[in-house]
Amino acid sequence: MRETTYDPAHIEYVLRLGDNALILGQRLCEWSGHSALVEEDVAMANIALDYIGRARDLLTLACELDGGNQSEDDLAFKRDEEEFKNFLLCELPIGDFAWTIVRQVLLDTYHFHLYDQLQRSSDQKLATIAAKSIKESTSHLRHCSHWLTRLGDGTDESHRRVQDALNEQWRFTGELFAADAIDEFALAVGIGPDLSDLRERWHAQIASILHHATLTQPIDAPPVAGGRQGLHTEHMAGLLACMQSVQRAYPGLEW
Amino acid sequence: MATPSNVAIAELEEAFQQRIDREEKIEPKDWMPDAYRQNLIRQMSQHAHSEVVGQLPEGEWITRAPTLRRKAILLAKVQDEAGHGLYLYSATETLGVSREELTEQLLAGSAKYASIFNYPTLTWADVGAIGWLVDGAAIVNQISLCRTSYGPYARAMVRICKEESFHVRQGYEIMTVLARGSAEQRAMAQDALDRWWWPTLMMFGPHDTDSAHSGRSMRWKIKRQSNDELRQKFVDQSVAQAEFLGLAIPDKALKWNDTRNHFDFGEIDWDEFRAVLDGEGPCNHERMEARRKADEEARWIRGATLAYAEKERVRSSTGTES
């Protein structure tokens with residue numbers, strides 16, 4: 001076994017970012033061919049492509065930091081559920097268009113501020129990935145927040161659909177800012193940002209987006225969390241069974 | 001304006017046919033016989049619907065692609081198909097029909113889409129076979145359509161063909177990796193070829209002698225080559241490709257003919273062709289159900305965008321007044 005010169009917390013930090021991108025990207029892939037508007041088939045595929053691309057960069061970086069014995073595909077297709085460290089919000093089913101748009105706005109806003117800060121990461125490779133990601137997240141957020149405004153300030157039905165999705169998803173947002181030892185390590189060595197600062201920026205922007213969309217910000221409830229400890233929702237098993245099916249059925253082959 | 005007399009129409013039709021014969025492109029605002037317009041609407045909308053419905057069988061495998069590289073490529077490929085659908089709907093709209101009307105015709109069953117998309121994708125090798133064979137067959141047809149007489153259709157085809165050539169290559173590359181892989185992977189590749197070969201040949205439509213729209217379409221140069229000519233071209237090019245992969249085309253009658261300078265091949269199961277066309281293929285119901293579900297969602301989304309636009313209009317007009 002090769003000796004790694006990087007702190008395991010550093011590797012774990014990058015892995016978590018990679019898992020968020022992978023699992024959300026995987027969910028967005030489900031829209032292909034099923035969007036209500038063909039324009040949205042194109043748009044959702046674009047967003048999914050950005051997330052899958054980001055996942056590949058981040059998982060490859062995690063592998064490099066870990067001594068280079070594994071590949072992006074080993075991490076994506078050969079890990080078990082408890083080894084995935086994504087936020088629970090990423091793994092929830094795609095729901096309807098309203099549900100997907102609400103989730104994108106919550107997470108794209110998060111990613112916009114996160115990757116803005118990560119451009120100044122002390123990990124140069126992470127900073128490079130962030131410089132590319134911030135451009136993508138800027139465009140995702142523009143697209144999805146415009147949709148949220150149209151749906152929120154559209155008809156009674158569209159308003160109800162996005163408000164219901166927001167009410168349901170809100171309890172999963174606490175997890176985005178719950179700093180643990182990994183985040184504290186990342187902050188201390190300058191790899192990652194201060195999550196309490198990120199939380200303030202996120203809240204301010206989300207409040208403005210919701211106001212514009214005539215939506216009501218839900219009251220904070222006890223957060224649902226566990227993804228970053230590998231404790232997932234019931235939806236994760238199905239997602240992984242599907243994503244990993246070919247690799248699991250035919251291990252060790254080239255594709 | 002007075003209605004043109006029969007004599008005037010005959011003269012217009014004569015002049016129109018002369019333009020076609022001189023290889024001039026017909027543009028949206030040019031006069032055209034109503035039957036030419038209707039023929040184009042039928043063919044172009046069928047083509048557009050095929051691109052959109054065509055996302056579904058391959059889309060099944062984006063979530064299951066065996067590597068992240070394959071996932072990204074397939075996602076981009078299926079995204080291209082949606083883009084092709086958009087160009088083609090837009091090109092069809094230049095003939096004075098709306099996308100909503102075209103969608104209604106699809107859902108009502110009066111407009112068709114390529115029957116090939118009513119077959120299921122059962123393994124990863126099917127993604128390779130679709131790229132290689134289905135997109136390969138589509139390109140044979142579409143290269144011919146780059147010279148079609150209607151300008152917007154011809155121009156859309158030029159762009160679509162460029163992208164389709166990438167699709168064929170990605171499919172063939174998948175097949176190459178499988179054909180050189182393990183025994184299981186080779187079997188998977190052969191099985192996919194066995195299942196997709198005949199439905200692919202059906203994509204070119206009925207024999208020329210049985211084709212309802214062919215004669216007029218050829219005279220108007222909407223179609224430039226006949227169904228049987230194009231099918232022959234596809235068979236001829238595919239034989240060497242299958243040999244290179246070490247896979248066997250499932251047709252015992254397939255044999256080089258020195259006199260014709262083409263491959264002879266067996267007869268298509270036309271009963272199956274008609275059944276799939278009539279809505280009774282393996283996945284017709286599922287494909288239409290997916291489009292119906294998308295259309296139901298489109299209704300409330302479109303309602304929201306119209307309501308929002310109206311509110312914005314009122315806000316901006318009251319804003320100007322105050």
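Order of the sequence lines fixes the chain letters, A, B, ..., with proteins taken first and strands second; residue numbering starts at 1 for each chain.
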May I ask you to decide if [Y]'s main-chain N or O and [X]'s side chain share a donor-acceptor pair within less than 3.5 Å?
| X | Y | result |
| --- | --- | --- |
| A:Gln247 | B:Pro66 | yes |
| B:Arg64 | A:Gln244 | no |
| A:Glu30 | B:Ile62 | no |

Worksheet item: With side chains defined as the heavy atoms from C-beta onward, is the minimum distance between B:Trp300 and A:Thr155 less than 4.5 Å?
Response: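 No, their side chains stay 4.5 Å or more apart.
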As an exercise, state the distance from [atom1] of [X] to [atom2] of [Y], rounded to the nearest 0.5 Å.
| X | Y | atom1 | atom2 | answer |
| --- | --- | --- | --- | --- |
| B:Lys71 | A:Leu49 | NZ | CG | 11.0 Å |
| A:Glu72 | B:Leu68 | CD | CG | 5.0 Å |
| A:Tyr250 | B:Thr123 | OH | OG1 | 7.5 Å |
| B:Trp124 | A:Ser245 | CH2 | OG | 10.5 Å |

Practice prompt. Answer with side chain, backbone, both or neither: which region of A:Ser35 has an atom nearer than 4.5 Å to a non-hydrogen atom of chain B?
Written response: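 Only the backbone of A:Ser35 comes within 4.5 Å of chain B.
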Fill in: A:Glu40 portion near chain B, given a 4.5 angstrom heavy-atom threshold
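Contact with chain B is absent: no heavy atom of A:Glu40 under 4.5 Å.
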Practice prompt. For side-chain hydrogen bond (donor to acceptor under 3.5 Å, both in side chains), just list the numbers for B:Gln55 and A:Asp41, CA-CA rounded to whole Å, side-chain angles, deciding distance to a tenth of an Å, and then say yes or no.
Written response: CA-CA 9 Å; B:Gln55 293 181 89; A:Asp41 273 327; 3.0 Å; yes
Discussion item. Can you confirm whether A:His211 is buried at NE2, in the sense that more than 12 heavy atoms of other residues, nucleotides or ligands lie under 6.0 Å from that atom?
Written reply: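 At most 12 heavy atoms, drawn from other residues, nucleotides or ligands, come within 6.0 Å of this atom.
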Discussion item. So for atom CZ, which belongs to B:Phe166, do other residues, nucleotides or ligands contribute more than 12 heavy atoms lying within a distance under 6.0 Å?
Written reply: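 Open.
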